[in-house]
Amino acid sequence: MNVFQHIRTHLFEQIEILSNEGNGKKKPDLSSIRVEAPRNSSHGDLTTNAAMILAKQTNTNPVDLARVLSERLALLDDVALSEVAGPGFVNLRLTSEYWRSQLSTLLLAGSSYGESTLGEGLSINVEYVSANPTGPLHIGHGRGAVVGDVIANMLEKMGYRVTREYYINDSGVQIEALARSVFVRYQQAMGIEVSVLPDGFYPGEYLVPVGQQLANSEGDRWLLAPDVDWLDQFAAAGCKAMMTLIKNDLNDLGIRHNIFFSEKDVHQNGKTEETLSDLRLRGLIYEGVLDPPKGIKLEDWEPRPQTLFRATKFGDDLDRPLKKSNGDWTYFAADIAYHRDKFERGFSKMIDVWGADHGGYVKRMVAAVDAISNGQANLDVRICQLVNVLKGGVAVKMSKRAGDFVTLREVIDQVGKDVVRYIMLTRRNDAPLDFDFAAVTEQSRDNPVFYVQYAHARGCSLLRRAIQVMPNMTINTHALSSSELDRLIEPEEIELMKILSFWPNVLESAALAKEPHRLTYYLHEVASAFHGIWSRGDKHASLRFIIANEPELSLARLALVKGVLTVISGGLSIIGVQPVEELK
RNA sequence: GCGCCCGUAGCUCAGUCGGAUAGAGCACAGGAUUCCUAAUCCUGGGGUCGCAGGUUCGAAUCCUGCCGGGCGCACCA
């Protein structure tokens, strides 16, 4: 039980007793009562607004009520000081013994510290990346990949059964363009000059080997054939090659999806038809004409009857087309069928991680999930804003048309997977992110990964050192957790224990909010507190972690170090970053 | 024109479901190393939380309207 839950439990007990004493007409509503760390630490370790909330409900004076609560909470063993402040806050300061016991808990839990059973084994589906198989991943995909992956990791730690999924858009006009682009490369491999690539073709070099391979295996049999004869085969070859490329990139970023789901299969298995006829039966599909969008010009707009989904019934702004004018299903139609398939596979909780350019698509998909599940399923879409690539502060121009975007591959090769993953979480996902190549390549202090890694390396170095300095000492989990933790009396040490004991709460709230960036901010805080204590040893030798003639004190301080290492390495592993034991 | 996201220190950004005196990094100025890793630490200046109203014990946070920026806007994905 984390510190907040612990105090909340006691608080609610007291409220219950009070409510009964007041021959309580009705149960108080506890839902907006918070137990949290106050922003200003002079207000104590924990604070609660309970008195103000309850005072409102019972029409009493919040300060009086706070006083009563405060007196009762003061009686708890773990509470050192309880006082009323401001308009009716109850501020608590917990005992040093309590924080030490939390450190001990941490050490015994080891790498499982912070895990929870909150999810109760509920299945949850996280779909992320899902980039079109028309080329390698670029750095923007990398952001979605990391965000999705870390959300999945966090939810696993919360006790959910997580399935990581990638939806392959291997159908539609973009895939046809891919097939034609591959055909050009095939022609070139057969010695035919194709000087200018037509508009809408994929110009990247990465299709050259695909064309070459087809030239080798197929010879000239398709050179003069009509496109209908080779289109499917070339599309399939292109997709397959691109997915191999993409999976390699993801693999090197430490990402492995459980399921790759093909849009083409959705269609071929009749799932689209099935889904749409289901919706049609329920009166959610009709033939209609949409108004032209206002305020922007569409050259070729004409009123046209379309097959429309009643998305407006589920909170969208417009009803949405399911069929193109050529009779093909729209992307949306397939996507509905796909999400319905997820629902049928047992997922009532779904998370999709999309790029910023799909922001306008969120409402309709949420609406569709609502519709296909009859309100039984919930889709949460996380949008990742753009990544601006900089080199030494100067923006790198990216043009997808010209094929010269910064690939994820380049970035991984240059700065490494760990740096990429960490940097991607240094901003909220819905805010744009600057990725400065120079800063993260230099391995300078501009690189936030290093700050945290350095703290970890320093801690490891201490444990190595301790073995040399005190060879007779056993230093293992048992020895550390049962060491004389009451020797830890410095305010900074208590503060650090406090920060470490917040980890389960940080992880839980980050997981539930699906905001993985909170992890990097927290780890920075841990590292900062640790670096601070370290440096005090420069001035006062008595404050160092290892003091040769004080083995018991040293062991207690090493326990704190071990706590730092456990939390940092645990946090980094959720982020997908390998903690380093030594910096070179 | 409509929808979504954003606007917080010179710069880049945190800020939990509405909490008290709004925080961090960078930059800037000064200081700390014979000693556990100075890739670190300490001290300092820095703010009309875009603007204006509203809701209430209390608003950076919620509501409305404006201003500014990003993304998107039938038959692409």
Side-chain angles (χ1 to χ4, degrees), chain A residues 31-32 34 36-40 42-43 47 49 52 55-56 62 85-89 91 130-132 134 169 171-175 263 289-296 298 300-304 306 308 316-321 323-326 328 330-332 334-335 355-363 383 385-386 426-428 430-434 436 439 442-448 450-451 453-455 457-458 461-462 464-466 469 505-506 509-510 512-513 515 517-518 521 524-525 527-528 530-539 541 544-547 554 561 582-583:
Chain A
S31 59
S32 46
R34 310 281 167 242
E36 54 198 354
R39 202 179 293 171
N40 185 337
S42 71
H43 292 140
T47 184
N49 61 352
M52 289 177 286
K56 200 176 230 171
F89 290 102
N91 294 338
S130 298
N132 292 345
T134 53
N169 306 131
S171 166
V173 296
Q174 299 197 7
I175 293 305
E263 180 186 359
V289 181
L290 289 174
D291 290 333
K294 288 166 189 158
I296 55 161
L298 286 177
D300 54 348
W301 192 90
E302 56 184 47
R304 176 184 300 139
Q306 295 184 100
L308 298 169
D316 198 1
D317 308 304
L318 293 172
D319 291 337
R320 302 295 179 176
K323 263 189 185 177
K324 304 181 202 171
S325 55
N326 68 3
D328 287 349
T330 59
Y331 176 80
F332 182 46
D335 218 2
D357 53 343
H358 289 60
Y361 194 77
V362 173
K363 277 189 181 179
I383 292 292
Q385 277 294 339
L386 303 179
T426 53
R427 291 287 173 265
R428 252 177 36 227
D430 51 1
L433 171 78
D434 287 346
D436 195 323
E442 273 168 19
Q443 304 199 338
S444 72
R445 64 191 157 184
D446 287 337
N447 182 345
F450 264 86
Y451 188 78
Q453 289 284 30
Y454 184 36
R458 271 184 154 176
S461 142
L462 283 176
R464 287 193 299 266
R465 177 90 184 165
V469 175
N505 188 256
V506 169
S509 57
L512 295 181
E515 291 186 355
H517 72 278
R518 293 190 198 181
Y521 280 89
H524 192 275
E525 191 185 346
S528 173
F530 179 58
H531 284 310
I533 291 183
W534 178 293
S535 297
R536 293 179 330 134
D538 288 343
K539 264 220 161 107
R544 289 187 200 158
F545 292 98
I546 300 170
I547 299 170
S554 299
V561 172
E582 211 171 349
L583 292 182

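Heavy atoms only: backbone and side chains are in, while hydrogens, waters and symmetry mates are out. Sequence lines set the chain letters: A, B, ... in the order given, protein chains first and strands last, and positions in each chain run from 1.
Between the side-chain ring of A/Phe89 and the base of B/G19, no stacking contact exists by the 5.5 Å and 30° definition.
Distance check, rounded to the nearest 0.5 Å: CZ of A/Arg465 to CZ of A/Arg458 gives 14.0 Å. Atom NE2 of A/His531 sits about 7.0 Å away from atom OH of A/Tyr454, to the nearest 0.5 Å. Taking CG of A/Asp335 as the start and CZ of A/Arg320 as the end, the distance is 13.5 Å to the nearest 0.5 Å. Atoms CH2 and CG, on A/Trp301 and A/Asp291 in that order, are 7.0 Å from each other to the nearest 0.5 Å.
Spacing between atom CG of A/Asn91 and atom C1' of B/U21 amounts to 14 Å, rounded to whole angstrom units. Counting to the nearest Å, the P atom of B/G23 and the NE2 atom of A/His524 are 17 Å from each other. Distance, A/Arg428 CZ to B/U8 P: 11 Å, rounded to whole Å. Rounded to an integer number of Å, the gap from CG of A/Asp434 to C1' of B/U12 is 7 Å. The nearest whole Å value for the distance from the CG atom in A/Asp430 to the P atom in B/C4 is 14 Å. Nucleotide B/G25 holds its P atom 17 Å from the NE2 atom of A/His517, rounded to whole Å. Across the protein-nucleic acid pair, A/Phe530 atom CZ and B/A39 atom P stand 15 Å apart, rounded to whole Å. Between A/Phe545 atom CZ and B/U40 atom P the separation is 16 Å, expressed in whole Å.
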Practice problem: Check the pair A/His517 / A/Thr426 against side chain to side chain contact (heavy atoms under 4.5 Å, CB included), numbers first and verdict last. | Solution: CA-CA 6 Å; A/His517 72 278; A/Thr426 53; over 6 Å; no
Quiz prompt | Verdict with supporting geometry, A/Tyr521 and A/Val506, side chain to side chain contact (heavy atoms under 4.5 Å, CB included) | solution = CA-CA 10 Å; A/Tyr521 280 89; A/Val506 169; over 6 Å; no
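Residues A/Pro321 and A/Leu290 have side chains in contact (heavy-atom distance under 4.5 Å, counting atoms from C-beta outward). The closest side-chain heavy-atom distance from A/Arg427 to A/Gln385 is not below 4.5 Å.
Looking at which nucleotide of RNA chain B each of A/Glu515 and A/Lys363 is closest to, the 5′-most match is held by A/Lys363. Residue-to-nucleotide proximity on RNA chain B shows that, of A/Ala527 and A/Ala37, the 5′-proximal contact is made by A/Ala37.
Taking the P atoms as reference points, B/A14 lies 25 Å from B/G3, given to the whole Å. Here, B/A24 and B/U33 have their P atoms 25 Å apart, quoted to the whole Å. Only the P atoms considered, B/U55 is 15 Å distant from B/U61, to the nearest whole Å. Taking atom P in both B/A27 and B/G15, the straight-line distance is 23 Å, to the nearest Å. Rounded to a whole angstrom, the distance from the P atom of B/C51 to that of B/G10 is 13 Å. Between B/A20 and B/C11, the distance separating the two C1' atoms is 30 Å to the nearest Å. Nucleotides B/G70 and B/U12 have their P atoms positioned 15 Å apart, rounded to a whole Å. Remark: the separation of the C1' atoms in B/G68 and B/U8 is 15 Å, to the nearest Å.
Residue A/Ser32 is out of contact with every strand shown, counting any heavy-atom pair closer than 4.0 Å. Within 4.0 Å (heavy atoms only), A/His43 reaches at least one base atom of the nucleic acid. Note on A/Ile546: a base of the nucleic acid sits closer than 4.0 angstrom, heavy atoms only. At a threshold of 4.0 angstrom between heavy atoms, the contacts of A/Glu525 with the nucleic acid are absent.
A donor and an acceptor atom sit less than 3.5 Å apart, one in the side chain of A/Thr47 and one in the base of B/A20.
For the ring-ring contact (aromatic ring centres under 6.0 Å, His included) test, residues two or more places apart in sequence or in another chain that qualify with A/Phe545 are A/Phe530. Considering only residues two or more places apart in sequence or on other chains, A/Asp319 meets the side-chain hydrogen bond (donor to acceptor under 3.5 Å, both in side chains) condition with A/Tyr286, A/Thr312. Partners of A/Arg428 by side-chain hydrogen bond (donor to acceptor under 3.5 Å, both in side chains), not counting sequence neighbours, listed by chain and number: A/Asp430. Applying the side chain to side chain contact (heavy atoms under 4.5 Å, CB included) test to A/Ala510 and every residue at least two apart in sequence or in another chain returns A/Met154, A/Arg518, A/Leu519. Partners of A/Gln174 by side-chain hydrogen bond (donor to acceptor under 3.5 Å, both in side chains), not counting sequence neighbours, listed by chain and number: A/Asn132. For the side chain to side chain contact (heavy atoms under 4.5 Å, CB included) test, residues two or more places apart in sequence or in another chain that qualify with A/Asn326 are A/Lys324, A/Asp328. Residues forming a side-chain hydrogen bond (donor to acceptor under 3.5 Å, both in side chains) with A/Asn40 (at least two apart in sequence, or on another chain): A/Ser42. Qualifying side chain to side chain contact (heavy atoms under 4.5 Å, CB included) partners for A/Arg39, counting only residues two or more places apart in sequence or in other chains: none.
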Quiz item: In B/S/- notation, 5' to 3', how is nucleotides 70-77 of chain B contacted by protein heavy atoms closer than 4.0 Å?
Solution: -SSBBBBB
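The listed nucleotides are B/G19, B/G3, B/U37; the one nearest the side chain of A/Arg458 is B/U37. The side chain of A/Leu583 lies closest to B/A39, out of B/U40, B/A14, B/A39. Among the nucleotides B/A39, B/U12, B/C41, the one closest to any side-chain atom of A/His531 is B/C41. You'll find that the side chain of A/Arg465 is closest to B/C36, out of B/U21, B/C36, B/A14.
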Check nucleotides 28-34 of chain B for protein N or O atoms closer than 3.5 Å to its own N or O atoms and list the pairs.
none

Strictly under 3.5 Å: I want the nitrogen or oxygen pairs between protein and nucleotides 56-60 of chain B, one per line.
from  : atom 1 : to      : atom 2 : distance (Å)
B/A60 : N6     : A/Arg39 : NH2    : 3.0

Practice problem: Could you summarise the pairing of RNA chain B as dot-bracket text, marking Watson-Crick and G-U pairs under 3.5 Å with ( ) or [ ] inside the strand and | across strands? | Solution: (((((((..((((.....[...)))).(((((.......))))).....(((((..]....))))))))))))....
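Taking side-chain N and O atoms only, A/Ser535 has no distance below 4.0 Å to OP1 or OP2 of B/C42.
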